[in-house]
Asks: 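Sharing a structure below in structure tokens format, with a few things to ask.
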Amino acid sequence: MLVVTKFGGSSLSCAKQFKKVKDIVLSNPMRKIVVVSALGKRDSNDSKITDLLYILHAHLKYSVPYEDVWQIICQRYKEVRDDLKLDFDIEAELKIIESQLDKSIPQDYLVSRGEFLAAKLMSSYLGYEFLDAKEVIEFNYDGTVNFEVTERKVKERVSALKKVVVPGFYGAYGNGVIKLFSRGGSDITGSIMAKCVNASIYENWTDVSGIMVTDPRIVKNPKIIKEITYNELRELSYMGANVLHEDSIFPVQALNIPIKILNTNEPDCEGTIISNECKDNSQAITGIAGKKNFVAITIYKRHMSNEVGFLRKTLSIFERYNVSIEHIPTGIDNVSIVVARDQIEKCLYELIVDLKQELGAEVTLWEDIALIAVVGRNMANKKGLCGKLLSVLGENGVNMKMIDQGPDELNIILGINDSDYEKAIKVIYDNIM
Ligand code: ASP
């Protein structure tokens with residue numbers, strides 16, 4: 001029985017948080033692998049170390065004086081060490097980094113030092129060994145994780161060391177050059193570690209007592225989801241729910257290792273459990289998430305539906321511009337391609353010209369679309385849910401522009417105007433949850 005325990009930046013923002021982490025880790029002897037993020041914000045006006053490191057890199061790159069930013073970073077780590085009264089030479093670690101601060105320092109290496117230093121401090125504080133992620137997490141040169149090599153290395157090192165602290169967020173290519181995951185990537189590190197040692201559970205400790213049914217910035221104090229499947233969570237994460245990095249689901253899902261989302265500040269709260277088997281089937285909807293800023297490009301052509309290959313030709317034009325497509329609602333003589341605005345901003349007008357010329361079609365643009373995903377494993381058996389959704393939104397003056405249900409009936413995607421986004425989420429939460 002082995003538990004992989006990951007702590008996010010808010011659980012490591014200062015000495016007080018480090019103490020909570022220690023209490024949690026030591027209260028269960030199975031917590032043998034601890035993954036840490038960089039130090040997070042101490043309060044809402046504070047800065048995350050990772051953000052400061054990105055700023056530091058930009059200062060170095062553009063030859064802007066950088067000393068002040070560097071001093072703030074050093075101070076944060078020294079303060080934690082001093083407040084914990086740790087006998088750990090953090091100055092020596094900082095000196096090594098400082099000696100490399102120049103224009104050519106690779107961004108990924110510099111930014112990874114946030115988790116590196118946090119893990120060094122935590123390993124000294126817990127009395128666990130420090131295991132550098134660059135020695136175990138190996139990337140292929142195409143940027144994907146080489147699971148075969150990683151698993152072999154993790155198994156070798158973990159069995160030799162017994163109890164370890166691993167910095168999250170990065171690994172290295174075969175040549176030793178450090179590479180970061182995308183932002184929030186310490187979640188992925190935890191998941192990879194859990195997979196490699198076939199952990200009995202992957203605990204992800206954060207500053208909320210589980211995954212909320214919807215965005216708390218829109219609905220005040222939403223309910224906490226007690227149980228959720230990996231697939232449901234993927235749908236919600238993809239559509240903007242940001243408790244857990246979406247790429248952290250696949251590694252553990254294959255082995256059905258449950259993920260628990262827990263609160264470092266309220267360790268006795270049950271939290272949320274993510275697995276393949278959920279016992280509670282009482283709720284039709286598990287969660288609601290969404291995003292603004294989509295664009296629909298609608299293509300009209302008479303007899304389009306009789307023209308074999310029309311859709312293929314259309315999609316190949318989007319492919320040429322390297323645009324990823326979200327949804328494709330179709331009519332008889334028209335088809336809409338829904339894409340995220342940031343995907344298409346740079347090439348929108350060239351793409352429209354190509355669509356018109358190559359397809360001989362009329363093209364119109366609908367901007368400012370928001371997409372809302374209503375997600376639930378139990379929706380498939382509930383009759384009338386779609387009808388109820390549409391009617392409560394209509395009654396509350398939300399104009400539905402598009403509706404799409406995934407083939408597995410795990411989600412219903414609603415397309416509305418950006419300006420109706422917050423209202424629509426509130427209406428669904430208040431009337432259907
Ligand atoms: N420190 C990194 C970030 O802020 C990675 C993480 O915390 O997961 O994105």
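All residue numbers in this chain count up from 1 along the given sequence. Whatever order the structure lists ligands and atoms in, that order sets their numbers, starting from 1.
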Asks: Name the closest protein heavy atom to atom 7 (O) of ligand 1, giving the residue it belongs to and the distance to 0.1 Å.
Replies: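 Closest protein heavy atom to atom 7 (O) of ligand 1: Ser37 OG, 3.0 Å.
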Asks: Could a heavy atom of Gly9 be found less than 4.0 Å from some atom of ligand 1?
Replies: no
Asks: Return the closest protein heavy atom for atom 1 (N) of ligand 1 as residue, atom name and distance.
Replies: Thr50 OG1, 2.7 Å
Asks: Please list, in number order, the atoms of ligand 1 under 4.0 Å from a heavy atom of Lys48.
Replies: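 Under 4.0 Å from Lys48, ligand 1 has these atoms: 4 (O).
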Asks: Suppose we measure from atom 4 (O) of ligand 1 to each protein heavy atom; which comes out shortest, and what is that distance?
Replies: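 The closest heavy atom on the protein side is Arg183 NH2, 2.9 Å.
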Asks: Measure from the side-chain N and O atoms of Ser13 to the backbone N and O of Gly40, and report whether any donor-acceptor pair falls under 3.5 Å.
Replies: no
Asks: Nearest to atom 8 (O) of ligand 1 by heavy atom, Ser248, Gly190, Ser186: which?
Replies: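 The nearest heavy atom belongs to Ser186.
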Asks: What part of Glu115 sits under 4.0 Å from ligand 1 if we count only heavy atoms: the side chain, the backbone, both or neither?
Replies: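 For Glu115, the contact with ligand 1 is made by the side chain alone.
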Asks: How many angstroms lie between CD1 in Ile218 and CG in Asp215, if you round to the nearest 0.5 Å?
Replies: 4.5 Å
Asks: Do Lys153 and Glu138 meet the salt-bridge criterion of a basic N to acidic O distance under 4.0 Å?
Replies: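 Yes, charged N to carboxylate O under 4.0 Å.
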Asks: With a cut-off of 3.5 Å and sequence neighbours excluded, list every side-chain donor-acceptor pair involving residues 338-347.
Replies:
residue	atom	partner	partner atom	Å
Arg341	NH1	Glu367	OE1	3.2
Arg341	NH2	Asp368	OD1	3.3
Gln343	OE1	Ser324	N	2.8

Asks: Once salt bridge (Lys or Arg N to Asp or Glu O under 4.0 Å) is applied, what residue pairs with a partner in residues 412-425 remain, sequence neighbours excluded?
Replies: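 Applying salt bridge (Lys or Arg N to Asp or Glu O under 4.0 Å) to every pair that reaches into residues 412-425, excluding sequence neighbours, yields Lys292-Glu422.
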Asks: When you measure from the side chain of Glu246 to the backbone N and O of Ser237, does any donor-acceptor pair fall under 3.5 Å?
Replies: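 Looks like no, no N/O pair under 3.5 Å.
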Asks: Consider ligand 1: state whether an atom of it lies below 4.0 angstrom from any non-hydrogen atom of Gly184.
Replies: yes
